[in-house]
Amino acid sequence: MYEVEGERAQQRNSNAPPTGKWTTGLYDCFDDKGNCCFTWCCPRLAFGRNAEIIDQGRTSATCARLIFCGLGCFGLGCLYSYKFRIKLRSLYNLPEEPCSDCCVHYCCLVCAICQEHRELKNRGLDPSLGWKANEERMMKKANLEAPRVASAMTR
C-alpha cells in the first residue's frame, strides 16, 4: 500500500523540477532577459528579493539589500550573498557547481543572482512578490488540491 501511495505522490509532482539538479546553468542569464537586465542594473535589489524568499521571510529584502550594499562598498558583498546560495542549495539539494559558492559569487556575482532568481521562479516562487505574497499563493494552491481518497481494497 505504501509503495502505491509513493508512486502516486511522484506522479502528482512530476511537473515539479527535480531536486538535486539546477534547472538552469550559471551562464543561462538570457533565458530570462527581463531578470537579466534588472539584475545587471540593480544587483542589490535583485539580491534582496532573492534573499527574502530563500530565507523564507526571516530576512527582509530591505535588510539583505542594505547589508549587501554596505559590504559591497568594501568589495565584500559576495561574503554575505554566497551564504544565501548555500541556503538555496540546501533547500533543493542542489550541487555546488561549477565551483564553491563563495567563488561563484566572487567571480560571477550577477550571473549567480540571476541563476538563483531563475531557480526560485522555476520552482514556483516569484521573488518580485516578496515572501508574504508567495506564502499566500502556496497556501491557496494547497487548499485548492482535491483531498486524497484511499483506494478501495481489491482482491
Provide the closest heavy-atom pair for [X] versus [Y] in the form atom of the first, atom of the second, distance.
X	Y	answer
I113	N50	O-ND2, 3.1 Å
P127	H117	CG-ND1, 3.4 Å
C29	C36	O-CB, 3.4 Å
C102	L79	SG-CD2, 4.1 Å
A112	V104	CB-CG1, 3.7 Å
A61	E52	CB-OE1, 3.4 Å

Modelled atom types, side-chain donor and acceptor of E119 and T23, under 3.5 Å
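Yes, T23 and E119 have a side-chain donor paired with an acceptor closer than 3.5 Å.
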Kindly work out whether a path of hydrophobic side-chain contacts (I/L/V/M/F/W/Y, heavy atoms less than 4.5 Å apart) joins [X] to [Y].
X	Y	value
I86	F47	no
I53	L94	yes
L129	M139	no
W131	F84	yes
L45	W40	no

State the [atom1]-[atom2] distance between [X] and [Y], to the nearest 0.5 angstrom.
X	Y	atom1	atom2	answer
F68	L66	CZ	CG	12.0 Å
R85	I54	CZ	CD1	9.0 Å
C78	D101	SG	CG	11.5 Å
L125	M138	CG	CE	5.5 Å
R65	C42	CZ	SG	10.0 Å

Looking at Q115 and T24, would you say the former's side chain and the latter's main chain have a donor-acceptor pair under 3.5 Å?
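The answer is yes, because a donor-acceptor pair under 3.5 Å joins these two groups.
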Is the side chain of R118 donor-acceptor paired with the backbone N or O of G25 at a distance under 3.5 Å, no angle test?
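Side chain of R118 to backbone of G25, a donor-acceptor pair under 3.5 Å: yes, one is there.
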Working note: L88 + Y92, criterion side-chain contact (heavy atoms from CB on, under 4.5 Å); need CA distance, chi angles, decisive distance, verdict.
CA-CA 7 Å; L88 177 65; Y92 300 112; 3.7 Å; yes
Run through K87, R49, H105 and flag the one making a side chain to side chain donor-acceptor pair (under 3.5 Å) with E116.
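Only one option passes, and that is H105.
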Pair D32 + K121: basic N to acidic O under 4.0 Å:
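Salt bridge flag = no for K121 with D32.
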Start with the C-alpha distance between Y106 and Y82, add both sets of side-chain angles, then the distance that settles ring pair (Phe, Tyr, Trp, His ring centres under 6.0 Å), and finish with yes or no.
CA-CA 8 Å; Y106 180 75; Y82 89 94; over 10 Å; no
So, do L109 and P43 sit near enough that their side-chain heavy atoms are less than 4.5 Å apart?
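Side chain of L109 against side chain of P43, heavy atoms only: no contact under 4.5 Å found.
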Report yes if the side chains of R123 and L91 come closer than 4.5 Å at any heavy-atom pair, otherwise no.
no
Where do C114 and C111 land on the side-chain contact (heavy atoms from CB on, under 4.5 Å) test, with the steps shown first?
CA-CA 5 Å; C114 281; C111 292; 5.6 Å; no
